Amino acid sequence: MSEVHIADLRNHVGETVTLRGWLYNRRSSGKLHFLEVRDGTGIVQCVVFKGNVAPETFAAADHIQQESSIEVVGLVKEHQKLKGQYEIDAKEVRVIAPVAREYPIGPKEHGTDFLMDNRHLWLRSKRQHAIVRVRHTIIKAVRDFFDGRGFTLVDAPIFTPNACEGTSTLFETDYHGDKAYLTQSGQLYMEAAAAAFGSAYCFGPTFRAEKSKTRRHLAEFWMVEPEVAFLDLDGDMRLAEDFIAFVVGRVLETRAEELKVLERDTTVLERVKAPFPRITYAQAIEILQKKGHPQAKVGDDFGGDEETVISSEFDRPVIVHRYPISLKAFYFKRDPGDPSLALNMDVLAPEGYGEIIGGGQREDDLGKLEAAIDAHKLPRAPFEWYLDVRRYGTFPHAGFGLGIERTVAWLCGLPHVRETIPFPRMLNRLAP
RNA sequence: UCCGGCUUAGCUCAGUCGGUAGAGCAGGCGGCUGUUAACCGCCGGGUCGCUGGUUCGAGUCCAGCAGCCGGAGCCA
């Protein structure tokens with residue numbers, strides 16, 4: 001008699017096995033009880049027939065409460081009606097530990113706030129389980145992609161001494177008497193890493209203290225940021241589209257079951273193949289003017305609405321490049337053909353999921369970079385180490401950052417990023 | 001920070017014209033040999049967000065506050 005996981009039951013048909021898990025749901029029909037048991041790898045129906053078990057076991061099986069931990073011994077069979085599904089004909093049912101109080105999350109609907117208060121329990125339900133597994137696969141694919149292309153993982157610090165880009169609101173903390181901030185990006189460190197390793201990436205949490213309360217924002221989110229030496233903007237765009245196509249392909253290959261649970265329409269994901277359409281910022285403004293935003297003009301940044309209008313013109317992610325330099329952070333290189341433009345690019349996901357990648361080619365000229373720091377009214381001293389990247393053998397380089405949660409929301413087809421991370425940190429939520 | 005909406009049983013919600021609080025699920029008891037958010041019968045369960053006001057009488061009308069949701073702004 002072997003101990004098995006539910007995901008492996010198909011390999012044990014005809015055997016008597018032991019299963020440990022939690023009671024997910026229970027139905028009853030006279031001399032039959034149906035116990036749905038989950039063990040983290042899946043859910044299986046255990047059939048408790050009065051004639052097959054001890055009388056006291058049969059009576060007790062009808063009173064086990066949801067999420068009690070239990071052990072079932074029984075025969076693995078293919079489901080009588082549903083082909084390809086398996087069930088267990090129970091011989092013994094033992095409660096390992098009953099619930100100490102009624103489990104709060106029932107089979108019917110609940111509100112978001114209630115579920116978020118019970119996030120630690122909500123993770124046990126089918127839908128959340130599917131999302132977390134897709135997230136896992138995305139993160140694994142991200143690492144496999146860069147590792148497979150000779151990138152070196154170079155972790156960036158989370159405590160930083162200064163406001164890197166001088167733009168977003170940062171979380172401030174005390175660092176042995178000095179002010180420190182939680183990082184909003186590892187990018188500047190990746191530029192130093194690119195000089196050391198050629199191709200480098202970091203992957204970790206980043207923090208924004210903005211009072212944003214939208215379906216696309218979290219206070220704590222994860223970002224992957226590659227940076228490559230001797231890469232220009234064109235190469236950066238190719239890297240971004242190959243990368244996204246790889247990640248989407250991996251999820252489609254390995255998480256079909258989870259996407260089905262999430263009722264995700266995968267036909268739109270199957271179209272995500274390189275190359276992606278590329279338009280300039282100026283062309284994006286023209287699209288907006290034609291499609292219901294006549295007031296759009298050069299110099300505007302795009303809100304969620306505008307991103308949706310632009311991306312809905314295309315059947316796959318679209319790359320928008322060469323924004324006005326005035327809209328972008330100080331480190332972007334100017335377009336030699338038009339110095340009012342930055343050599344930057346954003347990737348907008350389809351279906352209104354918005355910007356998932358932002359990046360571009362960096363300014364590699366020491367004098368121009370110093371001037372840009374001054375123009376943005378940033379202090380020079382905290383950036384001395386960063387300027388060293390230009391002082392000691394400067395080189396053209398480019399990179400980008402991809403937000404994991406927005407990517408998970410897009411691939412899972414979720415309306416809000418709050419479900420894309422196990423324990424979200426939002427404007428008004430620090431617990432559980 | 002601004003605009004709008006919501007707040008009633010453990011959960012999701014209904015509650016008419018201002019007149020003694022309702023359902024489904026969950027829980028308890030019972031029934032049913034194939035159920036799939038099973039079903040059927042019975043039972044227990046309420047500071048109607050908080051504070052104040054109007055009224056003979058407020059879940060219901062008014063004001064303030066709080067929390068949450070959606071959107072805007074800001075941003076990835």
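What's counted below: heavy atoms across the whole structure, side chains too, no hydrogens, waters or symmetry copies. A quick note: this is a predicted structure, and the numbers were derived from the prediction, not measured. A note on names: the letters A, B, ... follow the listed sequences, proteins ahead of strands, and every chain is numbered from 1.
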Same-atom distance ([atom1]) from [N] to [M], integer angstrom:
N      : M      : atom1 : answer
B/rA26 : B/rU12 : P     : 15 Å
B/rA21 : B/rG46 : P     : 13 Å
B/rG73 : B/rA37 : P     : 41 Å
B/rG10 : B/rG49 : P     : 13 Å
B/rC11 : B/rU1  : C1'   : 34 Å
B/rG34 : B/rG70 : C1'   : 44 Å
B/rG22 : B/rG15 : P     : 15 Å
B/rG28 : B/rC17 : P     : 40 Å

Reckon [X] has a side-chain N or O less than 4.0 Å from the OP1 or OP2 of [N]?
X        : N      : answer
A/Arg27  : B/rU35 : no
A/Arg216 : B/rG70 : no
A/Asn25  : B/rU35 : no

Given RNA chain B, 5'-ward residue of the pair A/Asp89 and A/Gly106, judged by closest heavy atom =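 Final value for this comparison: A/Gly106.
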
Which residue lies more 5' along RNA chain B, comparing A/Leu427 with A/Ile356 via nearest heavy atoms |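 Of the two residues, A/Leu427 wins.
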
So what does [X] touch, heavy atoms closer than 4.0 Å: a base, only the sugar-phosphate, or nothing?
X        : answer
A/Gly354 : nothing
A/Phe49  : base
A/Arg429 : nothing
A/Thr214 : base
A/Asp346 : nothing
A/Leu218 : base
A/Lys213 : base
A/Glu67  : nothing

Where A/Ala229 and A/Ala194 come nearest, the two heavy atoms and their spacing =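 Nearest heavy atoms, A/Ala229 then A/Ala194: CB-O, 3.8 Å.
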
Any donor-acceptor pair under 3.5 Å joining the side chain of A/Glu36 to the base of B/rU36?
->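 Under the 3.5 Å cut-off, the side chain and the base do not form any donor-acceptor pair.
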
What is the distance, rounded to the nearest whole Å, between atom [atom1] of [X] and atom [atom2] of [N]?
X        : N      : atom1 : atom2 : result
A/Tyr24  : B/rA37 : OH    : P     : 11 Å
A/Asp113 : B/rC13 : CG    : P     : 12 Å
A/Arg208 : B/rG73 : CZ    : C1'   : 17 Å
A/Glu307 : B/rC74 : CD    : P     : 12 Å
A/Met116 : B/rC11 : CE    : C1'   : 17 Å
A/His416 : B/rC69 : NE2   : P     : 8 Å
A/Arg101 : B/rA26 : CZ    : C1'   : 15 Å
A/Asn118 : B/rC11 : CG    : P     : 9 Å

Side chain of A/Asn428: nearest nucleotide among B/rC68, B/rG34, B/rG70?
->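 Out of B/rC68, B/rG34, B/rG70, the nucleotide with an atom closest to A/Asn428's side chain is B/rC68.
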
Looking at the side chain of A/Phe114, which of B/rG34, B/rC11, B/rA72 is the nearest nucleotide?
->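 Per side-chain heavy atoms of A/Phe114, the pick is B/rC11.
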
Mind telling me whether A/Trp222 and A/Phe203 have parallel, tilted or perpendicular rings, with 30° and 60° as the class edges?
->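 Tilted, since the angle between the ring planes falls between 30° and 60°.
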
For A/Val73, which of A/Ile88, A/Val53, A/Thr18, A/Val93 qualifies under side chain to side chain contact (heavy atoms under 4.5 Å, CB included)?
->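 So, applying the side chain to side chain contact (heavy atoms under 4.5 Å, CB included) to A/Val73 and each of A/Ile88, A/Val53, A/Thr18, A/Val93, only A/Thr18 qualifies.
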
Base paired to [N] (Watson-Crick or G-U; both N/O distances under 3.5 angstrom):
N      : value
B/rC6  : B/rG67
B/rC11 : B/rG24
B/rU1  : B/rA72
B/rC61 : B/rG53
B/rC39 : B/rG31

Trace of the side chain to side chain donor-acceptor pair (under 3.5 Å) decision for A/Glu102 with A/Gln65 | CA-CA 8 Å; A/Glu102 190 184 314; A/Gln65 285 194 50; over 6 Å; no

Tell me yes or no: between the side chains of A/Tyr331 and A/Gln187, is some donor less than 3.5 Å from an acceptor?
->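 On atom types as modelled, these side chains qualify, holding a pair under 3.5 Å.
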
A/Phe146-A/Phe246 aromatic ring centre distance below 6.0 Å |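 Ring-ring flag for A/Phe146/A/Phe246: false, centres at least 6.0 Å apart.
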
Can the ring centres of A/Tyr201 and A/Phe145 be said to be less than 6.0 Å apart?
->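 Between A/Phe145 and A/Tyr201, which both carry aromatic rings, the centre distance is not below 6.0 Å.
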
Quickly, which of A/Tyr386, A/Trp385, A/Phe197 forms a ring-ring contact (aromatic ring centres under 6.0 Å, His included) with A/Tyr189? Name it, please.
->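 Going through the options one by one, the only one that passes is A/Trp385.
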
Review item, nucleotides 28-32 of chain B N/O atoms under 3.5 Å of protein N/O:
from, atom 1, to, atom 2, distance (Å)
B/rC29, OP2, A/His63, ND1, 3.1
B/rC32, N1, A/Gly30, N, 3.4
B/rC32, N3, A/Gly30, N, 2.9
B/rC32, N4, A/Ser28, OG, 3.3
B/rC32, N4, A/Gly30, N, 3.4

N/O donor-acceptor pair under 3.5 Å between A/Asn344 side chain and A/Tyr323 backbone =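 Such a contact is found between A/Asn344 side chain and A/Tyr323 backbone.
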
Roughly how far, to the nearest 0.5 Å, is the CD1 atom of A/Ile357 from the CG atom of A/Leu239?
->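 Going from CG on A/Leu239 over to CD1 on A/Ile357, the span is 8.0 Å.
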
